[in-house]
Amino acid sequence: MFNILKEKIKSFIGRVGEAEESKELKPELSAATKIRSAVTGKVKLTQADLESLLYELHLDLLQSDVAMQTADDIVAEIKKSLVGSEVEKDKVQEFVKGMIHKALEDTVAPGEGLDIVERIRNSQKPFKIVFLGVNGTGKTTTMAKVARYLMDNNITVVLAAGDTFRAGAIEQLQKHAGNVGLKVITHQKSADSAAVIYDAVEHAKAKNIDVVLADTAGRMQTNVNLMDELKKIVRVNKPDLRVFVGDALTGNDAVEQARKFNQEVGIDAVILTKIDADAKGGSALSIAHEIKKPIIFVGVGQGYADLKPFDKKWFVDSII
Ligand SMILES: Nc1nc2c(ncn2[C@@H]2O[C@H](COP(=O)(O)OP(=O)(O)OP(=O)(O)O)[C@@H](O)[C@H]2O)c(=O)[nH]1
Ligand SMILES: [Mg+2]
């Protein structure tokens with residue numbers, strides 16, 4: 001997971017460390033600075049020391065599929081925290097690592113997080129969650145994983161087979177529902193997706209069920225008709241949470257999709273799937289920063305238990 005990004009950041013930290021260690025050997029350094037460094041045991045990180053290294057870091061981030069704005073912001077933040085700092089000579093790498101850790105945590109989780117269990121417990125029943133995104137990102141599987149997670153937290157769930165578009169989608173969801181032990185409300189293929197979800201909400205009201213999880217068909221963010229259908233689903237059912245499900249393996253594309261879904265339909269939170277197979281890590285790092293919506297879970301495999309509530313510290317630890 002994230003091997004490429006991990007390698008690049010590690011190399012950046014190493015290079016800053018080396019540059020600072022070899023600084024005393026530089027002939028251009030003034031005698032006063034050398035004496036000062038020898039006496040205090042500290043080095044001062046300067047813009048001149050860091051400029052080219054930060055430039056390389058920026059390129060490294062872009063090559064790891066970090067979105068442009070996010071890369072700009074990360075580098076600016078790191079620069080701000082490093083330049084001018086006085087650090088003990090043998091602690092430079094540790095210091096740089098700490099500052100990068102902080103910059104990445106701020107990037108990946110801007111603003112308030114979202115505890116979904118708490119939100120559900122504090123909301124009116126039934127709490128309605130709609131899963132949306134492009135084809136094959138993992139919406140249906142993720143919905144079953146979320147169902148399992150909520151059930152483990154003593155929250156009752158009913159599923160809505162809102163993907164009435166793709167052949168086999170209803171049966172696929174029924175199979176997942178059987179596996180996790182849940183009822184799923186279905187209509188025929190090609191039925192109105194908004195109406196299926198509406199029925200599931202009515203069912204939940206009648207049976208006093210806490211949460212409705214609604215599947216929807218995958219759609220390209222550029223498909224006007226299908227995006228209109230999604231708008232209708234939202235208009236009719238007024239979900240409490242519109243969850244964008246993005247595939248981390250698609251890199252920058254996932255960020256672009258999220259942006260477009262947010263513009264067109266509005267999204268409240270993100271689940272990023274397949275990060276178990278994501279070598280680059282760029283989309284995971286960029287998506288929340290770019291659209292300013294929290295990542296609530298990440299998918300780390302194909303099993304129902306392979307869902308992790310998003311934790312920024314865990315995430316950044318796995319990069320650094
Ligand atoms: N490795 C890995 N695979 C995943 C993860 N989440 C989903 N998948 C796999 O991705 C594939 C597609 O998953 P689906 O849930 O059918 O995706 P979808 O978005 O519902 O697809 P459509 O309904 O066709 O748009 C399946 O093979 C899943 O097992 C994950 O976190 N990690
Ligand atoms: Mg699906």
Side-chain angles (χ1 to χ4, degrees), residues 1-3 116 129-149 157 159-180 182 184-191 193-194 196-197 200 212-223 225-227 229-230 233 239 241-251 253-254 256-258 260-261 264-265 267 269-285 287 295-311 314-315 318:
M1 200 170 94
F2 308 148
N3 284 339
I116 194 167
I129 306 180
V130 173
F131 294 78
L132 33 102
V134 307
N135 313 71
T137 59
K139 293 174 295 301
T140 308
T141 314
T142 300
M143 189 171 101
K145 292 177 181 179
V146 172
R148 163 73 80 80
Y149 177 84
V157 177
L159 305 179
D163 181 355
T164 54
F165 185 75
R166 183 171 60 76
I170 297 172
E171 294 74 14
Q172 183 196 6
L173 182 59
Q174 278 168 328
K175 190 152 183 286
H176 281 306
N179 292 344
V180 293
L182 277 177
V184 45
I185 304 298
T186 64
H187 286 189
Q188 299 299 319
K189 182 169 179 311
S190 305
S193 179
V196 184
I197 299 170
V212 176
L213 300 181
D215 196 13
T216 62
R219 66 202 74 216
M220 291 305 294
Q221 68 275 22
T222 46
N223 185 321
N225 287 344
L226 286 176
M227 289 307 264
E229 187 205 46
L230 214 45
I233 290 173
L241 215 56
R242 296 158 294 181
V243 175
F244 173 80
V245 180
D247 175 343
L249 298 178
T250 62
D253 223 27
E256 216 28 66
Q257 293 158 13
K260 191 80 179 152
F261 271 82
E264 292 287 316
V265 189
I267 63 184
V270 173
I271 298 181
L272 212 53
T273 62
K274 310 185 195 177
I275 72 162
D276 49 305
D278 179 20
K280 289 189 168 172
S283 56
L285 200 51
I287 203 161
I295 301 176
I296 47 175
F297 290 103
V298 286
V300 292
Q302 295 189 295
Y304 294 119
D306 294 329
L307 182 77
K308 269 183 84 66
F310 186 73
D311 171 24
W314 166 82
F315 178 85
S318 61

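None of the values given here were measured: they were computed from a predicted structure. Read the numbers this way: they start at 1 and go in the same order the structure lists the ligands and their atoms.
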From V245, I267, V243, residue fulfilling side-chain contact (heavy atoms from CB on, under 4.5 Å) relative to L132:
I267
Can any side-chain N or O of S283 pair as donor or acceptor with the backbone N or O of A248 at less than 3.5 Å?
yes
Of V130, V146, I197, L241, which is the lone residue that meets side-chain contact (heavy atoms from CB on, under 4.5 Å) with L213?
V146
Please identify which atoms of ligand 1 are closer than 4.0 Å to at least one heavy atom of G299.
31 (O)
A student checking ligand 1 against D163 at a 4.0 Å heavy-atom cut-off should list atoms 23 (O)
Under the 3.5 angstrom rule, does the side chain of K145 hit a backbone N or O of D306 as a donor-acceptor pair?
yes
From the Mg ion (ligand 2), how many protein N/O/S atoms are found at a distance short of 2.8 Å?
1
Just distances here: any N/O of T140 and N/O of ligand 1 closer than 3.5 Å?
yes
Within ligand 1, which atoms have a heavy atom of V300 less than 4.0 Å away?
31 (O)
Geometry only, no angles: is G138 polar-contacting ligand 1 at N/O separations under 3.5 Å?
yes
Whether the side chain of T273 engages the backbone of G246 through a donor-acceptor N/O pair (distance < 3.5 Å, no angle test) should be reported.
yes
Under the 3.5 angstrom rule, does the side chain of T216 hit a backbone N or O of G162 as a donor-acceptor pair?
no
Under 3.5 Å, is there a donor-acceptor pair between the side chain of K280 and the main chain of F2?
no
Is the NZ atom of K260 crowded by more than 12 outside heavy atoms at less than 6.0 Å?
no
Name the closest protein heavy atom to atom 11 (C) of ligand 1, giving the residue it belongs to and the distance to 0.1 Å.
K274 NZ, 4.3 Å
Just need the protein heavy atom nearest to atom 16 (O) of ligand 1, so name the residue and atom and give the distance.
Q172 NE2, 3.0 Å
Identity and distance of the protein heavy atom lying nearest atom 18 (P) of ligand 1
K139 N, 3.4 Å
Should the proximity of K145 to ligand 1, defined as any heavy atom under 4.0 Å, be assigned to the side chain, the backbone, both, or neither?
side chain
In Å, rounded to the nearest 0.5 Å, how long is the span from CD1 of I295 to CD1 of I271?
10.5 Å
shortest atom 24 (O) of ligand 1-to-protein heavy-atom contact is with R166 NE, 2.9 Å
Nearest-contact summary for atom 22 (P) of ligand 1 - protein heavy atom, Å:
G136 N, 3.5 Å
At a 4.0 Å cut-off, with the gap strictly under it, does some heavy atom of G301 reach an atom of ligand 1?
yes
Numbered atoms of ligand 1 (with element) below 4.0 Å of G218, judged on heavy atoms
25 (O)
Are any side-chain N or O atoms of R148 and backbone N or O atoms of Y304, one a donor and one an acceptor, separated by less than 3.5 Å?
no
Between the main-chain N or O of L173 and the side-chain N or O of T140, is there a donor-acceptor pair closer than 3.5 Å?
no
